[in-house]
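Just so we're on the same page: letters track the sequence lines, and every chain starts at 1. It should be emphasised that the depicted structure is a prediction, and the values quoted were computed from it without experimental measurement.
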Amino acid sequence: MNTVKGNKQLSLVSLKEKVQEETKAIYAVEKFNLWYGENQALYGIDMTIPMNKVTAIIGPSGCGKSTFIKALNRMVELVPSVRMNGTVTYDGENIFSPKYKVEELRTNTGMVFQHPNPFPKSIYENVVYGPRTHGIKKKRILEEIAEKSLKEAALWDEVKDRLDENAFGLSGGQQQRLCIARCLAIEPEVILMDEPTSALDPVSTGKIEELVQNLKKRYSIVIITHNMQQAARISDKTAFFLDGQVVEHADTTTLFSHPEDKRTEDYITGRFG
Amino acid sequence: MNTVKGNKQLSLVSLKEKVQEETKAIYAVEKFNLWYGENQALYGIDMTIPMNKVTAIIGPSGCGKSTFIKALNRMVELVPSVRMNGTVTYDGENIFSPKYKVEELRTNTGMVFQHPNPFPKSIYENVVYGPRTHGIKKKRILEEIAEKSLKEAALWDEVKDRLDENAFGLSGGQQQRLCIARCLAIEPEVILMDEPTSALDPVSTGKIEELVQNLKKRYSIVIITHNMQQAARISDKTAFFLDGQVVEHADTTTLFSHPEDKRTEDYITGRFG
Amino acid sequence: ACGNTEESKGTEEDSQNVNAESDGPEVVVDGSSTVFPIMEAVAEEYQKENPDARVNIGTSGSGGGFEKFAAGETHISNASRPIKDEEKASLEEAGIDYTEFEIALDGLSIVVNKENDWVDKLTVKELNKMWSSYGDVTTWADVREGWPEEEIQFYSPGADSGTFDYFSEVVLGEEGEIRQDASLSEDDNVLVQGVTGSKNGIGYFGYAYYAENKEQLKAVPIVNDSGEAVAPDQETVQSGEYNPFSRPLFVYVKHSALENEAVYNFTEYALKNAGAMSESVGYVGKPDSAYEEALQELDSIAGK
Amino acid sequence: MTVNIKRMIHEKKSNRRFLSILEKSVPAFFLLCASISVLTTIGITLTLLVETVTFFNRISIIEFLTGTEWWPFGENASYGILPLITGTLLITAIAMLVALPTGLASAIYLSEFAPGNVRKVVKPVLEVLAGIPTIVYGFFALTFVTPMLQLFIKDLPIFNALSPGIVVGIMIIPMIASLSEDAMSSVPDSMREGALALGSTRLEVALKVVVPAALSGIVASFLLGVSRAIGETMIVSVAAGSTPTLTTDVTQSIQTMTGYIVQVTLGDASYGSTTYYSIYAVGMTLFIFTLLMNLLAQYISRRFKEEY
Amino acid sequence: MNLVDKQLVQRRRKKRLFSNRIMRQIFFSASVFGIVVLAVLLYRIFREGLPYLDIDFLTSFASRFPEEAGIKAAITGSVWLMAVTAPVSVVLGVGTAVYLEEYAKENMFTRFIRMNISNLAGVPSVVFGLLGLTVFVRLMEMGRSIIAGGFTMSLLILPIIVVASQEAIRAIPNSQYEASYAMGATKWQTIRRVVLPAALPGILTGGILALSRAIGETAPLLMIGALSFIAYLPENIWSGFTVLPIQIFNWTARPQEEFHLVASTGIIILLFILLLMNSVAVLIRHKYSKRY
Ligand SMILES: Nc1ncnc2c1ncn2[C@@H]1O[C@H](COP(=O)(O)OP(=O)(O)OP(=O)(O)O)[C@@H](O)[C@H]1O
Ligand SMILES: Nc1ncnc2c1ncn2[C@@H]1O[C@H](COP(=O)(O)OP(=O)(O)OP(=O)(O)O)[C@@H](O)[C@H]1O
Ligand SMILES: [Mg+2]
Ligand SMILES: [Mg+2]
Ligand SMILES: O=P([O-])([O-])[O-]
């Protein structure tokens with residue numbers, strides 16, 4: 001950060017924005033360690049996540065991918081035994097500072113999980129859950145939000161005539177897109193995705209990949225995948241995790257064509273995992 | 001089959017053996033269809049499985065791989081809604097013929113699952129579960145069996161001093177090898193493995209792959225994997241399943257270097273799945 | 001007298017219940033919960049003297065006791081009222097011969113709150129007016145002029161108890177009906193609490209409950225048939241002066257069970273000691289002569 | 001190879017006959033066990049029915065069902081069961097007013113807010129509360145709750161519906177809390193995560209996601225609580241008095257169906273009297289009541305079964 | 001393009017967080033309420049009953065003198081009763097559960113049994129008392145014996161055990177069955193060697209909780225006619241008996257104030273036994289939970 005001091009709030013904010021504009025980083029993670037009880041799961045992670053880009057995270061099972069992105073919206077705190085240190089800065093603010101409201105962070109970051117997890121409510125109710133929760137009551141607005149989000153999630157055409165049906169009636173792929181629509185409805189800035197296609201068939205997978213490509217125009221996206229081809233296809237940046245550490249983090253094309261680290265190469269050529 | 005008729009039992013048997021020797025097929029599957037309730041999961045499977053070889057089965061999620069190998073030891077019948085037709089011949093006998101004892105079939109075929117599933121008993125009790133079940137009571141013999149099986153499964157050295165400890169105390173990879181030891185303890189002829197390494201770390205995966213290579217000297221092995229590299233590394237034959245059908249079944253090297261079918265090629269180059 | 005009935009009924013009874021008819025040392029007693037403390041005291045002493053004895057006592061109520069008595073499940077049945085005609089009939093049907101013994105007296109006590117300083121005595125007639133559902137009494141002034149015009153609270157044992165039966169027969173007569181607004185409870189302790197807690201309360205229950213709570217309660221002297229107002233105490237109950245609320249308590253003994261040495265011994269012991277025992281648990285013994293007569297009767301039944 | 005396992009297994013095939021007999025007879029034994037529950041129901045129904053029929057030979061069923069007075073003793077006996085039913089319902093209503101909100105709130109706290117170790121302590125403690133014999137609760141109602149209530153309600157008689165009702169409610173709290181908590185904790189965490197990731201507070205997760213998703217389990221626990229309240233015996237026997245009154249006034253003494261049955265079995269009614277048979281008629285009514293309640297509970301939990 | 005008014009969201013958040021905090025307190029108080037009641041209850045009981053609690057109390061029979069009264073017969077009776085109830089109800093309950101979970105075909109009869117069990121769970125205990133009185137005591141001529149009481153109690157708690165066992169069995173992952181079947185084990189072998197051992201903790205926990213219900217039940221035994229005074233120990237299952245709650249009930253009904261205190265002492269013993277049973281259940285649950 002710059003050393004300009006004692007100025008007005010406004011100038012500080014604009015300064016902050018400027019800094020971000022330069023780095024285009026929405027997240028900055030520094031020396032981040034995380035333990036589950038006695039077991040350390042993340043070791044000194046240093047990484048920035050660029051704005052309006054797709055960042056893919058790859059790595060073998062148990063290497064800490066999920067733990068890492070759950071740290072980004074502090075969902076990892078749901079595990080009581082978790083301890084952390086280091087900083088994670090979102091939009092210039094340390095998300096672990098005491099006065100930072102976790103609900104606010106999570107409103108700004110949407111999350112999509114490995115297995116689609118719609119609520120046992122109607123499709124419509126699923127989408128407007130977020131806006132409702134945050135105090136938007138007007139029916140007209142909610143309907144507009146629902147339509148817009150479902151369209152963005154490329155689901156509108158398939159469900160527009162059955163918005164009142166239970167979300168569990170949808171296929172897996174549709175459910176996953178519904179979950180995406182649900183998190184788009186509160187207009188987050190970042191979308192965190194934890195293996196969103198691993199439980200899906202190829203066709204649904206294709207749809208979601210396409211969707212991710214479209215969404216990155218307006219959202220910053222972090223996506224975990226165990227499928228190297230997928231990472232190569234859809235991401236701009238790729239980070240390779242191994243045993244709780246970032247082994248390599250680079251432009252996707254670079255990382256896949258010229259991996260710097262031997263372990264990265266072994267992994268992407270399927271030598272293990 | 002040959003047309004030699006009216007001869008003694010003995011000669012028929014030797015004939016059968018001869019036929020098998022020629023084709024070296026332990027399983028012959030013909031026009032095999034399978035439904036879960038209304039949904040057909042397997043469509044007219046025709047396939048033979050060679051003796052003392054490793055056959056890999058690959059294909060995207062939901063294509064029917066698990067269903068297929070569970071049909072081979074009739075475990076698929078545990079799902080009440082299953083209906084089947086066509087024949088599966090094991091060692092020359094139709095396993096679906098009414099007088100064929102399913103327990104006998106399953107004694108001859110061991111099975112290893114995706115997630116290690118030891119019993120919540122001691123390591124020793126896990127290994128001798130099978131022999132016990134089949135009526136072997138003598139402590140001395142059981143101990144001998146346990147040692148031999150654990151050695152074969154390359155686990156003996158790691159657990160020989162803690163045979164009385166609970167199997168859940170082992171690591172994932174050890175548990176999986178324990179499950180392999182458990183099925184070796186009844187000396188099956190075939191071992192069916194359903195993604196045995198997908199829940200394991202690279203090191204454990206390596207150990208299991210090595211083990212498979214050793215075991216094929218005395219056992220016929222069918223292994224499902226989602227990892228193409230793994231299939232390429234360890235198998236002699238590979239079958240590619242798609243939407244409940246066998247798209248291609250050939251020598252592993254052939255299949256991976258010169259896939260005949262466009263879909264196979266797409267799949268092994270990671271175009272989908 | 002009992003010899004022939006014994007022979008004709010013996011086998012049938014044997015088949016009815018293994019438990020009660022076994023020749024073992026077991027004595028099975030059941031019935032009134034009012035009589036229970038007396039029999040318990042007797043049994044306790046008896047056991048001390050005969051460590052091998054096996055006496056057990058239930059508290060199924062007088063009616064429940066007779067039911068079990070008729071079913072052949074018990075040797076002795078306690079009752080806080082004389083046996084009813086239906087019960088006689090079912091015993092006869094079961095072929096059970098029995099004899100009734102009065103073992104003690106209970107002075108059914110009518111009590112009011114300690115702070116009640118106006119009630120000096122009551123007549124049965126007044127009681128009738130107070131307790132009857134036809135009596136339109138609501139305040140004490142309605143009972144007798146000059147008494148405060150404050151609403152009375154009524155506390156009575158549950159309608160299915162011997163005490164209730166006795167009281168309503170004496171006070172309300174055959175046709176009478178107890179007032180609807182009376183608070184009923186199966187538990188006499190609860191009645192004690194009720195009357196203790198309400199200044200204008202009135203209630204009734206067994207003498208033992210009054211004797212135990214003399215500090216908190218005031219027993220109302222009742223005008224007896226010779227016109228005197230008598231309060232319940234050991235003497236007046238035993239002598240019969242405290243009438244008509246001095247009521248007898250009974251045990252019924254099955255003849256065939258007396259064949260059994262254990263039952264005979266226990267019954268004999270009970271009749272010998274009932275007087276002392278009842279007083280130790282808050283009831284009133286009968287005059288000694290009454291017990292002697294009873295013992296003679298017992299011996300003649302058992303053929304000794 | 002020192003042992004030939006395969007051959008040994010093959011030799012043991014002689015066991016197969018024994019095994020296959022076992023394999024056939026074992027299910028028969030288990031079926032027998034399962035049939036006991038059916039026999040129990042049949043036993044209850046017959047037991048009640050036989051004596052109830054005798055009762056209705058003496059008292060018309062119309063009088064029984066529509067009569068507004070229950071006074072089964074003495075010369076002017078009347079057998080209208082309505083007062084016992086209203087008494088039962090009154091107790092049940094008060095109990096549920098206490099138990100529902102408290103039980104549900106505890107369940108929500110335990111399942112959604114409490115740290116793991118608090119839950120580990122509180123749940124067993126609540127279970128102890130559920131295990132205390134009801135007779136203990138009865139005296140608690142009479143000697144503690146009633147005097148407490150009398151501080152607030154001046155003319156509250158010593159027997160009233162309110163105090164035992166509240167205590168029955170207290171007794172039921174653990175049951176509702178525990179069962180609802182079970183229903184709520186079986187809602188998959190993925191659902192909570194989904195809501196939390198949208199910025200919901202814990203409260204919103206609980207009320208908008210978890211409770212609706214666990215609704216059928218929660219409702220079923222309510223209904224079980226209701227049938228427990230209907231069937232509760234000792235508390236009401238001790239603290240509600242024994243006065244069957246057709247009333248909705250909670251400060252009055254009442255009698256419940258169970259209270260009546262215990263009164264007669266412990267009391268003086270002679271065997272073969274109409275009073276004696278009346279307990280079976282009341283028992284039958286009680287049985288039908290709880291049966292309907294349970295069927296409703298089952299219907300609800302089937303009808304609104306959550307699918308995750 | 002912005003439908004979500006960020007300002008509004010920001011403003012609402014304060015309120016939401018506030019109500020979250022308030023409601024959390026309310027829910028917390030509700031949970032505490034139960035515990036406070038328990039504490040009051042226990043305090044009263046201990047204050048009254050503790051002075052009478054000594055070794056003599058445990059080793060003497062009932063007496064007409066409060067200071068000599070003891071609870072030996074009732075404790076022994078309760079133990080005997082449990083000795084009948086526990087095996088009968090556990091065998092029947094587990095048998096039923098195994099049948100329903102492992103063998104039953106989905107047909108009318110199975111549905112009927114299921115319905116039956118959940119119905120029985122809601123039947124008031126007095127009704128079981130009537131059943132026991134009519135069927136066991138009278139019809140089967142068991143008299144007022146331990147066995148009649150034990151059978152009645154077994155039926156009363158049967159549904160609880162069935163449900164607990166069903167849940168325990170259902171919690172066993174499919175992979176355990178697969179592992180066993182894949183070894184060529186038959187169904188019964190799988191049940192005996194895999195299912196029952198794995199379900200045992202759940203079954204035991206459920207069983208103990210059910211038994212602790214049985215040990216505190218008063219009404220059905222009163223109806224069967226369990227005794228109030230008994231000054232010897234039962235010899236066999238055909239003996240008459242008394243149990244803790246009945247002895248307590250009897251003491252509370254006495255005129256003498258001291259007996260009411262003795263009743264509290266009895267309650268302490270009963271609670272102690274309950275607590276003991278509950279802790280065993282908790283221990284089992286704790287030890288064996290989260291195994292898969
Ligand atoms: N709730 C938890 N409690 C304790 N340890 C945990 C927990 N969740 C994860 N871990 C451990 O943390 C490590 C990293 O787990 P994580 O789930 O982040 O891996 P992952 O890379 O997402 O793997 P996968 O590809 O299987 O999802 C693992 O060793 C795991 O065992
Ligand atoms: N028990 C079942 N009941 C109904 N349908 C089933 C069942 N098991 C599998 N199926 C269906 O059968 C098809 C094949 O499933 P199968 O499990 O064999 O796939 P798979 O190739 O093993 O996939 P994966 O790689 O995910 O394990 C799928 O469409 C699946 O939905
Ligand atoms: Mg993960
Ligand atoms: Mg599979
Ligand atoms: O129990 P009782 O018959 O004396 O009321």
Side-chain angles (χ1 to χ4, degrees), chain B residues 66 69-70 72-81 101-122 125-135 149 166-169 175-176 178-188 190-194 199, chain E residues 94 98-111 113-114 164-206 283-292:
Chain B
S66 299
I69 73 160
K70 281 187 183 165
L72 296 181
N73 66 350
R74 289 180 55 182
M75 289 287 283
V76 77
E77 287 171 19
L78 295 182
V79 179
S81 67
K101 282 268 173 296
V102 64
E103 284 84 13
E104 194 172 332
L105 173 67
R106 292 185 191 150
T107 313
N108 290 331
T109 59
M111 190 159 202
V112 179
F113 301 82
Q114 178 165 16
H115 291 274
N117 56 355
F119 299 122
K121 302 173 191 273
S122 73
E125 284 300 327
N126 263 283
V127 181
V128 302
Y129 179 86
R132 274 247 173 82
T133 299
H134 294 289
S149 315
N166 196 301
F168 283 106
Q175 287 188 14
Q176 196 62 297
L178 177 63
C179 292
I180 295 175
R182 186 174 63 186
C183 85
L184 297 179
I186 51 170
E187 292 188 348
V190 185
I191 302 175
L192 307 170
M193 299 179 153
D194 190 350
Chain E
V94 175
V98 169
Y99 177 77
L100 289 177
E101 292 304 312
E102 303 291 340
Y103 288 103
K105 305 229 161 41
E106 205 37 61
N107 56 23
M108 283 286 284
F109 182 63
T110 308
R111 271 198 299 279
I113 292 182
R114 284 218 178 89
S165 310
Q166 274 182 295
E167 266 161 25
I169 292 175
R170 242 179 266 148
I172 299 170
N174 229 341
S175 64
Q176 295 280 312
Y177 290 83
E178 288 180 335
S180 175
Y181 285 131
M183 307 291 295
T186 62
K187 188 158 191 164
W188 169 234
Q189 285 176 322
T190 305
I191 291 172
R192 188 169 61 88
R193 305 200 33 216
V194 176
V195 177
L196 290 182
L200 197 64
I203 292 172
L204 284 181
T205 316
L283 225 77
I284 293 175
R285 187 160 46 190
H286 191 72
K287 179 138 190 260
Y288 292 97
S289 64
K290 289 214 196 101
R291 286 209 307 189
Y292 302 107

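- Not a single ring pair (Phe, Tyr, Trp, His ring centres under 6.0 Å) links Tyr99(E) to another residue, sequence neighbours left out.
- Residues Ala182(E) and Phe113(B) approach most closely at CB-CZ, 4.2 Å, considering heavy atoms.
- Nearest approach of Ala179(E) to Asn117(B), heavy atoms of both residues: CB-ND2, 3.4 Å.
- Neither the backbone nor the side chain of Arg74(B) comes within contact range of chain E, judged by heavy atoms closer than 4.5 Å.
- With sequence neighbours excluded, the residues forming a ring pair (Phe, Tyr, Trp, His ring centres under 6.0 Å) with Phe119(B) are Tyr129(B), listed by chain and number.
- With values rounded to the nearest 0.5 angstrom, Arg193(E) atom CZ is found 4.0 Å from Thr133(B) atom OG1.
- Counting heavy atoms from C-beta outward, Pro120(B) and Gln176(E) have side chains that approach closer than 4.5 Å.
- Side chain of Glu178(E) to backbone of Val112(B): no donor-acceptor contact under 3.5 angstrom is found.
- Separation of atoms OH (Tyr181(E)) and CG (Leu78(B)) is listed at 6.5 Å; rounding is to 0.5 Å.
- Rounded to the nearest 0.5 Å, atoms OG1 (Thr186(E)) and CZ (Arg106(B)) are 10.5 Å apart.
- For the atom pair CE (Met183(E)) and CD1 (Ile186(B)), the distance works out to 4.0 Å, reported to the nearest 0.5 Å.
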